[in-house]
Amino acid sequence: LVKLIAFTCASFIGKFPKETERKTYYGKTHIDPAGWQGYYAPQAFKDETGRTLLFGWMPECDGGQDKGWSGVMSLPRELHVQDGLLRAYPAESVDSIAEWRTIQAASGETCLAQDGCHAMLRFAWDTEIPVTLRLFAGADGETLLQLDPCGEVRLIRESSCKDPRVDKSAIVRRMKLDSGSAEVFLALDGSVVECMVNGQWLSGRVYPAEGCTGVFLENQYGMTVRA
């Protein structure tokens, strides 16, 4: 069962026999905490191969500026139940969108893309080491994605642009991390940020100024990144 609770998207795993009978929940988790700031009104369905796919609507948070459209759709996420909790991974077809290359990021800061307005990244994160990504970075702003060993993933938008109408509040999610390594997937598309860590997601909208397209990774020991 996928539903909205206080404008965030949550899932319940359990038995749902009939409307008139008591429902038994044994697993509840947030699908994506962004709500009106980036992920809302999710819809799940089974495709012809039996996969359960989920799409979400990513609303605008730019103060109601008239652009001729309202929001965008998320990438498709494939749902799985693992250890009694719902997990979601990028649908297999998503990887075919990108032309992947391997980058060996050194310790300190590494430029992953100069023109990263539309980009995808994958890497294994050593969950004992903090990692910061500077997204849509340029002279007029940047957005920070922070992966913290405490289990918090933070999208820091306060410097994302100079437009006072845009919602620049931080979006934070506490995630369940296993010791060792975590799988990270990141998609950027114009004003969209979608990040997955071990099947758990944090999404948001940002509105970078023209020319703010750099993507940089900062870490202590170096890592291999597919981009």
Side-chain angles (χ1 to χ4, degrees), residues 32 34 38 74-75 77 87-161 168 170-227:
D32 201 309
S74 72
L75 290 172
R77 305 174 185 182
R87 294 289 183 257
Y89 297 89
E92 185 177 351
S93 56
V94 168
D95 273 8
S96 66
I97 300 173
E99 295 181 2
W100 297 97
R101 60 194 177 101
T102 300
I103 301 172
Q104 189 60 49
S107 60
E109 185 171 85
T110 300
C111 178
L112 301 179
Q114 292 284 2
D115 186 9
C117 190
H118 307 281
M120 289 187 192
L121 308 176
R122 283 187 178 273
F123 59 89
W125 169 35
D126 181 340
T127 55
E128 296 183 358
I129 301 171
V131 170
T132 297
L133 289 130
R134 295 199 295 123
L135 313 175
F136 304 114
D140 292 321
E142 64 182 13
T143 298
L144 301 181
L145 180 66
Q146 299 172 337
L147 310 179
D148 195 299
C150 74
E152 275 194 357
V153 177
R154 298 180 286 267
L155 189 65
I156 308 299
R157 305 184 295 173
E158 62 182 354
S159 299
S160 59
C161 69
K168 304 188 195 69
I171 305 174
V172 180
R173 176 170 185 173
R174 180 169 287 277
M175 299 187 177
K176 177 178 171 55
L177 298 178
D178 299 322
S179 59
S181 180
E183 176 190 0
V184 178
F185 168 85
L186 175 65
L188 309 175
D189 189 11
S191 62
V192 167
V193 179
E194 294 186 72
C195 177
M196 181 215 71
V197 179
N198 277 3
Q200 303 158 92
W201 292 75
L202 182 145
S203 304
R205 301 294 302 277
V206 296
Y207 299 88
E210 185 176 354
C212 293
T213 58
V215 178
F216 300 85
L217 182 144
E218 181 180 336
N219 73 110
Q220 295 177 358
Y221 299 108
M223 64 174 62
T224 300
V225 179
R226 292 178 62 215

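Just the heavy atoms: all of them, side chains too, but no hydrogens, waters or symmetry mates, feed the values below. Residues take their numbers from the sequence shown, with the count starting at 1.
- In this structure the side chain of Trp125 reaches within 4.5 angstrom of the side chain of Val197, judged on heavy atoms.
- Atom CE of Met175 is separated from atom CG of Asp178 by 13.0 Å, given to the nearest 0.5 angstrom.
- Scanning both residues, Ile171 and Gly204, for their nearest heavy atoms gives CD1-CA, 3.9 Å.
- Residue pairs satisfying the salt bridge (Lys or Arg N to Asp or Glu O under 4.0 Å) criterion with at least one member in residues 119-134, sequence neighbours excluded, are listed as follows: Asp95-Arg122, Glu109-Arg134, Arg122-Glu183, Arg134-Glu142.
- Using a 4.5 Å cut-off on side-chain heavy atoms (C-beta onward), Phe136 and Val215 make no contact.
- Of the residues listed (Leu155, Thr143, Asp140, Val193), the one engaging Ser160 in a side chain to side chain contact (heavy atoms under 4.5 Å, CB included) is Thr143, and it is the only one.
- Put simply, the side chain of Pro130 reaches to within 4.5 Å of the side chain of Pro149, judged on heavy atoms.
- The two residues Leu112 and Arg101 make their nearest non-hydrogen contact at O-NH2, 2.9 Å.
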Using atom types as modelled, flag every donor-acceptor pair under 3.5 Å from a side chain in residues 220-227 to any protein atom, sequence neighbours excluded.
residue: Thr224; atom: OG1; partner: Gln104; partner atom: OE1; Å: 2.8

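- Using a 4.5 Å heavy-atom cutoff, the side chains of Trp201 and Phe185 are in contact.
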_I'd like to know whether Val131 forms a side-chain contact (heavy atoms from CB on, under 4.5 Å) with Leu217, so could you lay out the CA-CA distance, the side-chain angles of the two residues, the decisive distance to 0.1 Å, and finally the verdict._
CA-CA 7 Å; Val131 170; Leu217 182 144; 4.3 Å; yes
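- For Cys212 against Ala139, the heavy-atom pair with the smallest separation is SG-N, 4.3 Å.
- Between the side chain of Thr127 and the backbone N or O of Gly180, at least one donor-acceptor pair lies under 3.5 Å.
- Using a 4.5 Å heavy-atom cutoff, the side chains of Leu135 and Leu188 are in contact.
- Between Arg87 and Lys176 the shortest side-chain heavy-atom distance falls below 4.5 Å.
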_Quick one, Arg173 with Glu152, criterion side-chain contact (heavy atoms from CB on, under 4.5 Å). Give me CA distance, side-chain angles, the key distance, then yes/no._
CA-CA 6 Å; Arg173 176 170 185 173; Glu152 275 194 357; over 6 Å; no
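- In terms of the salt bridge (Lys or Arg N to Asp or Glu O under 4.0 Å) criterion, residue partners of Arg77 (sequence neighbours excluded) are, by chain and number, Asp32, Glu194.
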_Leu144 and Arg154: CA distance, side-chain angles, deciding distance, side-chain contact (heavy atoms from CB on, under 4.5 Å) verdict_ = CA-CA 8 Å; Leu144 301 181; Arg154 298 180 286 267; over 6 Å; no
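- Separation of atoms NZ (Lys168) and SG (Cys161) is listed at 4.5 Å; rounding is to 0.5 Å.
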*Evaluate side-chain contact (heavy atoms from CB on, under 4.5 Å) for Met120 paired with Ile97, printing each intermediate quantity in order.*
CA-CA 9 Å; Met120 289 187 192; Ile97 300 173; 3.9 Å; yes
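- With contacts defined as side-chain heavy-atom distances shorter than 4.5 Å, the pair Leu133/Phe123 qualifies.
- Minimum interatomic distance between Ser203 and Gly38 (heavy atoms only, all atoms of both residues): CB-O, 4.1 Å.
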